[in-house]
Amino acid sequence: MSQYQAVKGTRDIFPEEAARWKYVEGVVHSLASIYGFNEIRTPVFEYTELFQRGIGSTTDIVGKEMFTFQPDPKGRSLTLRPEMTAGVMRAVLQNNLLSSAPVHKLYYISELFRKERPQAGRQRQFSQFGAELIGVSSPAAVAEVMTLMMQVFESLGLHGLKLRVNTLGDSEDRLRYREALQGYFAPFHHLLDESSKERLEKNPLRILDSKNPAVQDIVAGAPRLYDYLNDAAVQDFEKVLFYLGERGIAYTIDHRLVRGLDYYCHTAFEVTSSELGAQDAIGGGGRYDGLARELGGSSDVPASGFAVGMERLLMTMEKQGLFAALTPRAPLVYVVVQSQELGDYGLQIAYQLRKAGIMTEIDLAARSMKAQMREANRIRVSYALFVGATEVETGLYALKNLVTSEQTTLSLEAVLEILREPAAKELLDL
Ligand code: HAM
């Protein structure tokens, strides 16, 4: 046993589980392209200010969850990315992408880092897939990212997920609401916990997100942001709901939904899974027109997007039994060598099979023929190809179908011919 352990809040993914990831990633890649999104990859670390400005300095993420480091005493502070949206917007602005095309539809499957207390479904290194639609923020655009997210869930066979939606209005609506909230909470000031008191001053909307039951009781009677919205904001929201309805996407309106990041305006949404326990949010997102300006852009850039936690998605799928049929792919053929002297000959045959695109396995430890057959059965290959003295002499090989036990003697050319067909079919299944 190694004296080292994986760092708390991180984990290893072994082949059987990796097969599940690959399957989910495949569905994400193909649906993203069906919806016209292209993949973006951004650096794992960024300047700390990007997240402070982008996500908001009063949020939990920026306040206590960032892995921040200083590369050298004079260097600027850096942070491992805790989410993707700020980095994606930075990349779009920095490279002036909006001047070449007015709309950019980008998606990602990426590793993220948050210094949270690890528990089931909450890690310090985790993964998200998400999409960002930048350059237009019509209700149709928000509905498009929501539809993509919901279609990924549906294609994976998930059921029982709950989509909650809310609208946060525009910045003026929120300013008026902020004052209303401060007025409402003022008489309860002595009953609030320390972090809520701080939030009340700096960002009262965040109090609605408090997990403290005593604070939640007070929140229950708080005014609703919805009652402070201007008419256009209400109409915008209703149009988003209209599109969801048209597409048969079930939702509930939750007027208390505020997300854990400050960049949202108008529509915000979250999806929860009852299968997940305390950390039940599987994904969320919304519109974030003001982020670009926060990052130093000269004006707002309309945008919306979402992200889904891959680990929580996989946990839910596992609980719903959606992986039953998935196992890592077995090699198609095992090259069985009769004696050690023929080992190098066998290796060359295996090389030729692999060059022809056929998934091939061969023993590398000079084990007995019996041990090789045992291994071939254990890893469930479909064929065994025997290499013995006669085979080498005649150039004709015994190929055994391990499923039907049928055996034929063939030239290597003919073997390749037979094995190529299932190999091509398997590749298509990838
Ligand atoms: P978020 O709600 O912070 O949003 O994260 C999205 C999802 O990531 C969560 O619903 C959850 O499934 C997963 N997640 C978050 N933290 C952890 C963790 N510590 N361990 C495991 N999974 C976690 C965002 O990140 C926004 N950038 C979403 C977005 C994109 N908004 C607009 N565009």
Side-chain angles (χ1 to χ4, degrees), residues 13 15-41 83-85 88 104-112 121 126-133 139-165 240-252 267-276 279-286 304-329 425-430:
I13 295 173
E16 202 165 316
E17 193 188 346
R20 299 173 169 197
W21 282 74
K22 245 164 87 175
Y23 162 66
V24 173
E25 286 162 3
V27 170
V28 169
H29 286 303
S30 76
L31 278 173
S33 61
I34 285 171
Y35 276 79
F37 285 76
N38 293 307
E39 188 175 358
I40 183 166
R41 302 183 187 202
E83 61 107 46
M84 286 296 287
T85 313
V88 170
H104 289 268
K105 295 168 65 170
L106 303 164
Y107 81 99
Y108 47 83
I109 304 177
S110 303
E111 298 293 317
L112 304 158
F126 63 100
S127 199
Q128 285 180 347
F129 81 84
E132 313 291 352
L133 202 166
V142 182
E144 181 162 309
V145 294
M146 296 175 82
T147 307
L148 167 59
M149 177 182 73
M150 296 309 286
Q151 198 172 325
V152 171
F153 295 144
E154 191 188 314
S155 300
L156 292 170
L158 285 154
H159 52 86
L161 299 183
K162 254 186 91 178
L163 169 66
R164 289 177 302 131
V165 287
V240 175
L241 301 180
F242 162 78
Y243 288 126
L244 296 179
E246 287 281 283
R247 296 167 198 180
I249 297 174
Y251 60 85
T252 48
T267 307
F269 55 88
E270 206 154 88
V271 177
T272 50
S273 159
S274 55
E275 235 97 42
L276 285 175
Q279 302 304 317
D280 64 350
I282 192 163
S304 45
F306 72 85
V308 169
M310 288 287 284
E311 287 79 5
R312 295 184 194 177
L313 176 66
L314 271 98
M315 274 169 72
T316 308
M317 288 180 68
E318 160 122 58
K319 292 234 166 90
Q320 297 189 354
L322 299 172
F323 287 128
L326 267 186
T327 42
R329 292 192 313 140
K425 215 173 123 275
E426 283 222 20
L427 276 180
L428 285 178
D429 287 346
L430 258 184

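What you are looking at is a predicted structure, and each value in this text was computed from that prediction instead of being measured. We're numbering straight along the sequence, starting at 1.
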**Asked** Shortest non-hydrogen contact from F269 to L163?
**Response** CB-CD1, 4.0 Å
**Prompt:** Who are the side chain to side chain donor-acceptor pair (under 3.5 Å) partners of Y108, not counting sequence neighbours?
**Reply:** E132
**Item:** Student check: side-chain heavy atoms of L31 and F37 closer than 4.5 Å
**Value:** no
**Item:** Separation of T316 OG1 from E311 CD (nearest 0.5 Å)
**Value:** 11.5 Å
**Complete:** Residues passing the side chain to side chain contact (heavy atoms under 4.5 Å, CB included) test with Y243, sequence neighbours excluded, are P139, A140, A143, K239, R247
**Message:** Restricting to non-hydrogen atoms, name the atom on L161 and the atom on L158 that form the minimum distance, rounded to 0.1 Å.
**Reply:** CD1-CB, 4.2 Å
**Message:** Check whether R164 reaches the backbone of E270 with its side chain - one donor and one acceptor, N or O, closer than 3.5 Å.
**Reply:** no
**Complete:** With sequence neighbours left out, the residues meeting side chain to side chain donor-acceptor pair (under 3.5 Å) with E144 are K105
**Asked** Shortest non-hydrogen contact from I282 to L276?
**Response** CB-CD1, 4.3 Å
**Asked** Mind checking what makes side chain to side chain donor-acceptor pair (under 3.5 Å) contact with E275, not counting sequence neighbours?
**Response** Q320
**Asked** Do side-chain atoms of S127 reach the backbone of S110 as a donor and acceptor pair under 3.5 angstrom?
**Response** yes
**Minimum heavy-atom distance S304-V145, with the two atoms named** = O-CG1, 4.0 Å
**Item:** Full working for side-chain contact (heavy atoms from CB on, under 4.5 Å) between V308 and V152
**Value:** CA-CA 10 Å; V308 169; V152 171; over 6 Å; no
**Any residue meeting side chain to side chain donor-acceptor pair (under 3.5 Å) with Y35, in chain and number order, not counting sequence neighbours** = Q151
**Message:** Could you measure the distance from the NE2 atom of H159 to the OG atom of S273? Nearest 0.5 Å is fine.
**Reply:** 9.5 Å
**Prompt:** Does any non-hydrogen side-chain atom of E318 lie less than 4.5 Å from one of R20?
**Reply:** yes
**For I13, all residues meeting side chain to side chain contact (heavy atoms under 4.5 Å, CB included), sequence neighbours excluded** = R11, E17, A18, W21
**Asked** Rounded to the nearest 0.5 Å, what separation is found between the CZ atom of F126 and the CD atom of Q279?
**Response** 11.0 Å
**CZ-CD distance between F306 and Q128, expressed to the nearest 0.5 angstrom** = 10.0 Å
**Message:** Contact between M150 and V271 at the side-chain level, heavy atoms closer than 4.5 Å - yes or no?
**Reply:** yes
**Where L133 and A141 come nearest, the two heavy atoms and their spacing** = CD1-O, 3.7 Å
**Prompt:** Is there a side-chain contact between I40 and H104 (heavy atoms, below 4.5 Å)?
**Reply:** no
**Item:** Side chain proximity check, M146 to I249, heavy atoms < 4.5 angstrom
**Value:** no
**Asked** Are F129 and M310 side-chain neighbours, meaning at least one heavy-atom pair lies under 4.5 Å?
**Response** yes
